[in-house]
Amino acid sequence: MAYVDKRKVLENVFKPDIFKFRIGELSQMTGVSTRQLRYWESKDIIQSLHRDGTQDARVYDYETFHKVQAIKYFLDEGYTLRASVQRTNEIFDLFKKTHAIIGNAVRGIEEINGETMVDLGVFDEEQQTRLWASIDDEKKVHYHVRAEGE
DNA sequence: ATTCTAACA
DNA sequence: TGTTAGCA
């Protein structure tokens with residue numbers, strides 16, 4: 001097996017931006033028909049990144065996946081398409097902020113005192129402490145605030 | 001095999 | 001919106 005830089009692996013593990021889907025995949029993932037996806041795009045409800053190599057196939061990103069999933073949810077709740085889009089747009093900036101924070105949350109993984117600890121970054125503004133997380137046999141997460149360099 | 005557009009037994 | 005046809 002080839003050597004892999006641990007930090008480079010972490011950079012990608014929590015970077016869903018690299019996920020790209022074609023229309024058939026997005027359709028199966030969300031339960032929204034390909035016909036609907038193309039129609040929504042014609043109405044500027046969603047957008048795709050065209051040009052998939054040889055074909056002129058649509059390519060969707062991770063954010064669009066969530067947007068489609070949200071619209072689908074509201075449609076199933078009985079909202080009209082227009083209302084579903086409206087509600088989705090209202091809550092989407094929350095998703096973007098959450099996504100941005102989560103994407104930057106995991107800074108590394110270290111073995112501390114024989115226990116696997118996930119580095120969640122500096123804990124205080126003065127950068128004197130760092131937040132770590134571990135998980136026990138019952139899959140319960142425990143948080144630890146440790147002084148820097150300790 | 002999959003996606004594309006256009007159109008409607 | 002579904003579902004075809006005929007392409008690429």
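Per chain, numbering begins at 1; letters A, B, ... match sequence-line order. Just so we're clear, the structure is a prediction, and the values are computed from it rather than from any experiment.
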Q: If B/dA1 has a Watson-Crick or G-U wobble mate with both distances under 3.5 Å, name it; if not, just say none.
A: none
Q) For the pair made of CD in A/Glu41 and P in B/dA6, what is the distance, rounded to whole Å? A) 13 Å
Q. So, A/Asp119 side chain and A/Arg107 main chain: donor-acceptor pair closer than 3.5 Å or not?
A. no
(Q) Ring-plane angle category for A/Tyr79 and A/Phe74, please: parallel below 30°, perpendicular beyond 60°, tilted otherwise. (A) perpendicular
Q) Do side-chain atoms of A/Asn113 reach the backbone of A/Glu115 as a donor and acceptor pair under 3.5 angstrom? A) no
**Q.** Complement of C/dT1, any strand, by Watson-Crick or G-U distances under 3.5 angstrom
**A.** none
Q | Nucleotide B/dA1, atom P - distance to CD of A/Gln28 in whole Å | A | 14 Å
**Q.** A/Arg38 CZ to B/dA6 P, straight-line distance once rounded to whole Å
**A.** 12 Å
Q) Take atom CD in A/Gln28; do more than 12 heavy atoms of anything else shown fall under 6.0 Å from it? A) no
Q) Does A/Arg22 place a side-chain N or O at less than 4.0 Å from the phosphate oxygens OP1/OP2 of B/dT2? A) no
(Q) Counting the atoms with a prime plus P, OP1 and OP2 as sugar-phosphate, which does A/Thr34 contact under 4.0 Å by heavy atoms, base, sugar-phosphate, or nothing? (A) nothing
Q | Under-3.5 Å donor-acceptor pair between A/Arg35 side chain and C/dT3 base | A | yes
